[in-house]
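Not measured: the values here are computed from a predicted model. Counting starts at 1 for both ligands and their atoms, following the listed order.
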Amino acid sequence: MKLALKSALKLSLLATLVASSVASAYAADAKNVIFFLGDGMGPSVVTTARIYKYGEDGSLNMDKLERTARIKTFSNDAQTTDSAPSMAAYMTGVKMNNEVISMSQDTIAKEPSRDVNGNLGVDNCPASGNGKSVPTILELAKAKGKAVGAITTTELTHATPATTFSHICNRNAQYAIAAQSVPGGAGYNTALLDGVDVLMGGGRNHYTPWSATNKYGRADGRNLLTEFAAKGYTVAATKADMQAAPNNKKFIGLYSTRSHLEYELDRTATPPLGEGATQPSLSEMTVKAIDLLSQNSNGYFLMVEGGRIDHALHGINAKRALSDTIAFDDAIKAAIDKIKLTDPTLSNTLIIVTADHDHTLAFNGYGKRGNPILDINRDYKSGQPSKDADGNTYTTLVFGNGPNRPNLRTNVDSATALADNYLQETGVRLASETHGGGDVKLLATGAGAKTFKGTLDNTKVFDLLKAAFGF
Ligand SMILES: [Zn+2]
């Protein structure tokens with residue numbers, strides 16, 4: 001009897017201890033949160049980007065973050081998710097269907113239709129009974145008086161940034177997504193209150209009216225950038241505009257006329273390709289966003305997307321995927337260095353780095369240490385080119401699917417494999433490489449980071465973000 005009582009007391013003491021450690025793990029201690037999202041940056045992308053830049057025993061900046069977790073990414077209706085529901089799961093805690101942006105689980109994705117100019121300007125989502133908006137972490141932060149921002153290297157209306165500030169049944173309704181971001185305008189998302197404080201990306205065509213001269217733009221004739229300016233925003237189109245912008249005003253920077261920002265490899269080429277010469281790097285955008293958002297004494301939420309890692313992977317061009325991963329990783333360092341100037345131990349700021357889903361990039365063969373990761377595979381014992389069963393050389397990186405499946409494999413030489421435009425070979429022949437369904441990594445540091453651990457469903461990340469903020 002006495003023994004039983006003793007163990008009961010022990011148990012209840014243990015329960016109290018467990019409860020208090022859970023409570024302290026959820027302490028509200030992050031004033032600021034920066035959420036870095038590498039689109040499509042699966043585990044093999046992280047590893048190969050590390051080797052590409054720093055070698056096998058080197059470290060990416062993200063590798064130095066001390067807290068890690070493993071994230072399950074499946075969506076409500078698919079084993080393999082697209083960027084809309086996976087990022088929306090992080091931002092809202094709701095598991096939704098593929099292509100849906102921050103809406104309830106019952107929302108069915110309905111494609112937008114073509115407008116008079118042939119663009120996807122007709123939003124078919126408002127049809128009655130098709131789901132409800134669910135609050136995003138950005139909206140919750142705004143409601144608490146924090147400054148909020150979303151910046152990306154893709155079009156600003158692309159799926160990942162869209163999940164932070166809009167609600168729509170289909171990610172392709174980009175003209176409607178743009179309208180949701182303009183304070184007070186028709187179609188505005190009123191949960192954004194006086195508006196997102198910092199917005200950056202590409203795709204100016206979704207914000208400006210269609211004209212016969214430029215053949216792109218909005219069929220409704222609105223110039224959303226004029227509307228933003230009327231609401232007190234600085235409107236920027238180039239890196240120079242961005243750097244000249246005052247830090248005490250709201251800000252929208254769209255650095256590409258009608259598409260995404262250039263890949264980092266092209267932006268830094270001599271001379272830069274496309275509009276790259278006038279575009280900021282993701283690091284420069286991140287530092288400016290922190291300058292703007294940190295004016296608010298209540299703190300901030302910022303989402304930073306390295307969005308084109310995913311595009312290069314769909315295009316089976318590993319070199320651009322890895323160089324965009326490095327640019328994304330550099331932005332993490334730029335942010336941490338910047339924040340440490342005022343918050344040396346990150347006691348007020350939580351930094352999260354993760355991906356929305358994997359891809360089919362495979363790191364294969366028994367390559368020798370130091371062999372360039374994009375090169376043909378060289379055997380670790382002999383240092384000589386490794387051969388397939390038919391006697392042909394092959395590259396260390398290949399994809400599970402995609403457009404480059406030779407009917408008969410032949411030798412690949414180093415010069416070919418290392419070229420900027422080399423497309424890796426693929427297993428299944430598909431027009432465009434698909435996402436992968438595997439788990440992704442999450443890394444964290446700073447205030448509240450210790451709760452991010454173990455294997456988590458992507459929706460759980462939202463709960464942990466909320467708890468870190470103390471919401
Ligand atoms: Zn993708």
So, His314 and the Zn ion (ligand 1): N/O/S under 2.8 Å, yes or no? yes
Any donor-acceptor pair under 3.5 Å linking the side-chain atoms of Thr393 with those of Asn411? yes
Face-on cation placement of Arg218 at Tyr175 ring, 6.0 Å and 45° thresholds: no
Suppose we call two aromatic rings close when their centres sit under 6.0 Å apart. Are Tyr90 and Phe35 close by that rule? yes
Taking both backbone and side-chain atoms into account, decide whether Asp39 has an N/O/S atom under 2.8 Å from the Zn ion (ligand 1). no
Run the ring-centre check on His311 versus His158 and record whether the distance is less than 6.0 Å. yes
Answer yes or no for His435: is there an N/O/S atom below the 2.8 Å cut-off from the Zn ion (ligand 1)? yes
